[in-house]
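As structure tokens, the structure follows; a few thoughts come after it.
Keep in mind that this is a model prediction, so the values were computed, not measured. So that the names make sense, note that chain A is the first sequence line, chain B the second, and so on, each numbered from 1. Values reported hereafter were calculated over all heavy atoms of this structure, with side chains retained and with hydrogens, waters and symmetry mates removed.
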Amino acid sequence: MRRVYLDNNATTRMDPRVLEAMSPHFLQDFGNASSIHEFGQQAREAVETARQAVADLIGCLPKEIVFTSGGTESDNTAIRGIAAGHSGKGRHLITTTIEHPAVLRTMERLEEEGFQVTYLPVDRQGLIRLDDLRAAVREDTILISVMHANNETGAIQDLRAVGRLARKKGILFHSDAVQSAGKIPVDVNDLGVDLLTLSAHKIHGPKGVGALYIRHGVEMKSLLLGGSHERGRRGGTENVPGIVGLGKAAALARKGLADFDLRVRSLRDRLETGLLERIPQARINGSTLRRMPHTTNLSFRGVEGEALLISLDLQGIAVSTGAACSSGSLEPSHVLKAMGFQNRRVESALRLSLSRMTIEEEIATALDVLPSTVQRMRELSPLYRESRNRVQREGQRAHS
Amino acid sequence: MYSEKARELIRELPNRGSLAGATHTARAENPACGDITHLYLKLNQDVVVDSRFETYGCPAAIAASAAVTQMCRNLRSGECREITAESILDYLGGLPSHKLHAVDLAVDVLRKALRSNEP
Amino acid sequence: MRIGKTIYLDHQATTPVDRRVLAKMHPYFIDSFGNPHSSDHSLGWEAARAIEEAAACIGRFIGADYDELTFTSGATESNNLALLGLGRRAAWGERRRILVSAIEHKCVLAASRILTEQYGFTVEQLPVDPDGFVILPVLEEALDSDVLAVSIMAVNNEIGTIQDIKGISECVRSCGAIFHCDAAQTPLGIPVNSIARHTDILSLSAHKMYGPKGVGILFLTRGLENQIEPQIYGGGQQNGLRSGTVPVPLCVGMGEAAKMIFGPDAEGKRAMLRRRRDAFVEKLEELPWPTIVNGPKAEARHPGNANICFSGFSAHDILHMLQPHLSASTGSACTSGIPETSHVLNAIGLEWNKAESSVRFSLGFGTSDEDVEDAVELIDGVLEKLSKVDIADRT
């Protein structure tokens with residue numbers, strides 16, 4: 001059975017070229033990048049080459065890139081680092097209700113420590129309103145953190161507008177770009193962000209490595225304390241193979257941006273249109289205008305998402321109901337709830353996310369299997385029967 | 001992670017749908033997670049001769065309800081009352097620890113159904 | 001062991017990844033690449049199971065259950081999590097003092113500085129004797145009912161001192177303090193299970209035991225999980241103690257490395273390592289150059305560690321001249337980017353100029369007799385050259 005993998009927002013398959021680039025750093029060029037000898041220096045060089053590649057991907061200087069263990073650590077470092085470093089100026093932060101838990105939980109923790117946080121709502125499209133942001137800004141606001149693309153709906157926030165406002169008000173601006181960088185153009189100067197979070201394993205790089213862009217001159221405290229690694233911003237022996245892998249993944253992603261927008265988008269559109277045609281009472285969740293080219297989030301009325309998901313998995317199709325990050329139990333999506341959808345619609349949501357490695361056969365298989373599976377689940381669903389009966393009754397009433 | 005038996009039930013969805021001519025029916029809902037189960041039983045001389053279910057809910061709720069429809073076949077109503085959360089779990093070969101409550105819904109709907117036709 | 005033509009004697013900075021370890025990691029990069037927290041599909045389950053197996057594997061060797069282990073990005077993060085985690089959770093508690101040895105790794109010292117500056121703890125650095133041993137009576141004297149935690153490394157990274165962890169542990173536990181042990185340097189040095197049961201919290205790193213960089217663990221004795229404040233918040237992975245997608249291939253690599261390094265033949269490898277290290281030191285002492293061994297006698301010393309003071313020579317010059325034929329280091333790798341005097345050598349009372357003349361050689365399981373002989377020859381040659389330069393300078 002060939003597996004169909006449509007859960008690329010959770011994690012991606014590593015590109016063989018990335019592994020190839022990493023391989024020598026496990027066995028031969030394995031030095032500690034902080035050692036002064038030959039081995040150390042080779043490792044150092046490899047790390048700096050990777051730093052350049054990551055910088056090129058987002059249009060910054062290499063020295064503005066700090067390597068971390070992944071997106072979660074980057075988010076924590078950015079938010080806590082700014083909060084701790086700027087609490088003299090103020091103790092108010094602004095974020096959104098649809099952020100990744102790495103941002104939300106860190107913000108909540110800061111609230112316990114006496115900071116104040118405003119959580120901006122989103123509309124049915126999953127987008128924040130600039131007016132809300134304007135109204136939320138205070139004298140003592142020290143940081144605005146707004147994610148670029150949402151992991152569940154793919155909705156893309158207007159960071160440029162947020163950046164302009166932040167700059168005007170003299171507030172630092174962080175964005176979690178884990179789901180966008182490497183898939184759509186991200187330029188830190190164009191967007192006006194001061195801090196930006198990246199992760200390798202969402203763009204066919206290795207797990208266990210990410211990066212944080214910190215604009216030159218931005219003062220902050222470190223999260224991980226150790227030696228003088230990463231210009232004193234992040235302690236711990238550099239994960240050289242991981243960093244090399246991130247560098248390679250960034251370089252490959254940058255080269256593939258145009259293809260991603262064209263080919264992946266067309267596959268996603270074919271999948272989405274096909275499903276909407278084949279499955280009655282299916283609806284798209286979130287903006288279709290400001291949206292990543294590789295994500296679609298659909299609700300199928302009367303079908304519980306997790307059950308659908310397991311059923312699909314048993315047929316070799318991997319998808320998701322939303323955020324993967326939780327301790328085994330699936331909570332209803334906080335993102336779809338924040339968009340104002342009823343519980344039943346939230347529960348019946350399915351996220352399908354593609355990557356540049358997705359092939360046409362996978363889309364064809366998904367289009368083949370999903371409609372029949374939804375149909376079978378609906379035969380089982382008392383909710384669907386009730387809603388169908390209701391529709392029929394209303395239809396009869398309209399005719400009579 | 002689901003057991004082989006649970007996966008089989010989720011894949012096959014045996015005894016799904018409503019049952020015309022059911023003698024005993026019940027609906028149960030888990031208010032905490034919103035899962036809903038309908039059970040349809042057809043008893044002939046106090047023996048379950050047919051059983052169907054409809055479930056809206058997580059995979060565990062579906063597996064547990066499907067299990068009940070299989071377990072109660074050809075049993076007398078008194079024997080059906082002896083089906084417990086534990087025996088369903090045994091039948092399923094276990095459930096993920098955070099899904100254990102799903103069998104309570106299945107037991108609940110079975111007990112209700114058996115009572116549904118009492119005078 | 002050689003890489004190309006270079007003899008590598010810096011195993012305490014980092015070890016290469018063992019081929020078997022890499023082979024075991026390989027499938028998790030490309031084929032079983034699922035997100036272990038995707039509880040919804042089998043790719044995710046496969047990944048989650050691989051992590052559990054890796055944890056169980058490491059746990060077996062340190063006498064821990066798999067759920068007492070938390071994967072981190074390495075020993076630095078583990079040490080941060082242990083100390084800052086304990087301190088932040090107990091920020092308003094009765095116990096206001098934290099004791100660390102003066103020769104701890106930089107990251108322990110840095111974390112304890114934060115505990116002083118931001119959380120008002122009194123962090124005391126325990127002195128060590130000239131061999132780097134924590135002085136038990138001094139520790140006993142410092143311990144009191146107001147001590148929250150004591151952090152002492154099992155094996156020193158620069159001079160290889162193996163502490164009496166059992167003795168230290170008895171003292172610490174008798175006053176109700178929590179004992180954290182940075183065990184990053186133990187795997188090549190001593191059987192880690194011999195110390196793990198004497199500790200409450202223990203840090204390990206994979207890349208110092210032939211595993212991959214970017215992963216380590218924190219062993220937290222059951223019952224202590226509520227006394228640690230997480231440092232990284234997010235999706236609530238690993239019981240909320242450390243959020244973030246767990247890097248499956250790296251964890252699998254650490255599990256496999258544990259199997260090898262804690263396995264039945266490890267004692268034999270350590271004995272071999274000790275023999276070669278001793279031969280290395282003996283041969284260096286036979287050379288016509290002044291050599292002093294810094295740190296403890298062989299028995300209580302990491303079997304691969306040799307910290308040698310070449311009086312009258314600059315360690316930096318020696319290391320520089322040895323390139324690219326031999327890799328060694330001055331003290332801990334983490335600080336060698338910026339030359340500064342080793343705080344460890346300082347703490348054992350070495351004068352400044354002696355410290356500046358000291359080189360740390362650390363042999364590994366792959367170091368051969370031939371490597372030892374060739375290394376000594378190379379060092380001899382370099383010292384010979386440097387002595388001539390010195391004389392030329394002087395005249």
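- Looking at C:Thr15, the atoms closer than 4.5 Å to chain A (heavy atoms on both sides) all sit in the backbone: N, CA, C or O.
- Although no hydrogens or angles enter the test, the distance criterion places no donor-acceptor pair under 3.5 Å between the side chain of A:Lys207 and the main chain of C:Phe29.
- Rounded to the nearest 0.5 angstrom, A:Met357 CE and C:Phe33 CZ are separated by 8.5 Å.
- Ranked by heavy-atom pairs shorter than 4.5 Å toward chain C, the options A:Arg80, A:Lys221, A:Arg105, A:Glu108 are led by A:Arg105.
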Walk me through it: do C:Arg88 and A:Glu112 pass the test salt bridge (charged side-chain N to carboxylate O under 4.0 Å, His left out)?
CA-CA 12 Å; C:Arg88 282 180 176 151; A:Glu112 288 171 27; over 6 Å; no
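- A:Arg13 places a side-chain N or O within donor-acceptor distance of the main-chain N or O of C:Ile30, the cut-off being under 3.5 Å.
- Looking at A:Gln41, neither its backbone nor its side chain comes within 4.5 Å of chain C, counting heavy atoms on both sides.
- Residue C:Asn79 does not touch chain A at all, counting heavy-atom pairs closer than 4.5 Å.
- The residue among A:Gly226, A:Gly235, A:Gly208 with the most heavy atom pairs within less than 4.5 Å of chain C is A:Gly226.
- Between C:Leu319 and A:His37 the shortest side-chain heavy-atom distance does not fall below 4.5 Å.
- Neither the backbone nor the side chain of C:Leu109 comes within contact range of chain A, judged by heavy atoms closer than 4.5 Å.
- The two residues C:Thr245 and A:His201 make their nearest non-hydrogen contact at OG1-NE2, 3.7 Å.
- Heavy atoms closer than 4.5 Å to chain C are found in the side chain of A:Leu19, but not in its backbone.
- The shortest side-chain heavy-atom distance between A:Thr72 and C:Ser243 falls under the 4.5 Å cut-off.
- Top candidate by heavy-atom pairs under 4.5 Å with chain A, chosen from C:Gly34, C:Pro230, C:Gly74, is C:Gly34.
- No side-chain heavy atom of A:Phe30 sits less than 4.5 Å from a side-chain heavy atom of C:Val17.
- Within the 4.5 angstrom heavy-atom criterion, atoms from both the backbone and the side chain of C:Ile232 approach chain A.
- Between chain A and the options C:His325, C:Gln238, C:His26, the largest number of non-hydrogen pairs under 4.5 Å is found for C:His26.
- With chain C as partner, the option from A:Leu225, A:Thr11, A:Asn239 having the largest number of non-hydrogen pairs under 4.5 angstrom is A:Leu225.
- In this structure, no portion of C:Leu81 lies under 4.5 Å from any heavy atom of chain A.
- Here C:Gln231 is the residue among C:His320, C:Arg113, C:Met25, C:Gln231 with the most heavy-atom pairs under 4.5 Å with chain A.
- For the atom pair CD of A:Glu73 and OG1 of C:Thr72, the computed distance is 10.0 Å after rounding to the nearest 0.5 Å.
- Counting only distance, with no hydrogens or angles, the side chain of A:Asn32 and the backbone of C:Thr14 share no donor-acceptor pair below 3.5 Å.
- For the options A:Ser23, A:Pro16, A:Gly31, heavy-atom pairs under 4.5 Å to chain C are most numerous at A:Gly31.
- Here the CG atom belonging to A:Leu223 is positioned 8.0 Å from the CD atom belonging to C:Glu77, to the nearest 0.5 angstrom.
- Of the two parts of C:Val248, the backbone and the side chain both hold a non-hydrogen atom closer than 4.5 Å to a non-hydrogen atom of chain A.
- Going from atom CG of C:Asp31 over to atom CE of A:Met14 covers 11.0 Å, rounded to the nearest 0.5 Å.
- Panel note: side chain A:Asp313, backbone C:Ser42; a donor-acceptor pair is recorded below 3.5 Å.
- For chain A, the nearby part of C:Ala328 is the backbone; its heavy atoms alone come within less than 4.5 Å.
- Listed options C:Arg19, C:Glu229, C:Gln323, C:Lys213 were ranked by heavy-atom pairs under 4.5 angstrom with chain A; first place goes to C:Lys213.
- Annotation for C:Leu22 and A:Phe26: closest pair CD1-CD1, 3.4 Å, computed over non-hydrogen atoms.
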Derivation of the side-chain hydrogen bond (donor to acceptor under 3.5 Å, both in side chains) call for C:Arg242 and A:Ser69:
CA-CA 12 Å; C:Arg242 204 286 190 181; A:Ser69 69; 2.9 Å; yes
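- Between the side chains of C:Ser73 and A:Arg234, at least one donor-acceptor pair of N or O atoms lies under 3.5 Å.
- Heavy atoms closer than 4.5 Å to chain C are found nowhere in A:Ser222, neither backbone nor side chain.
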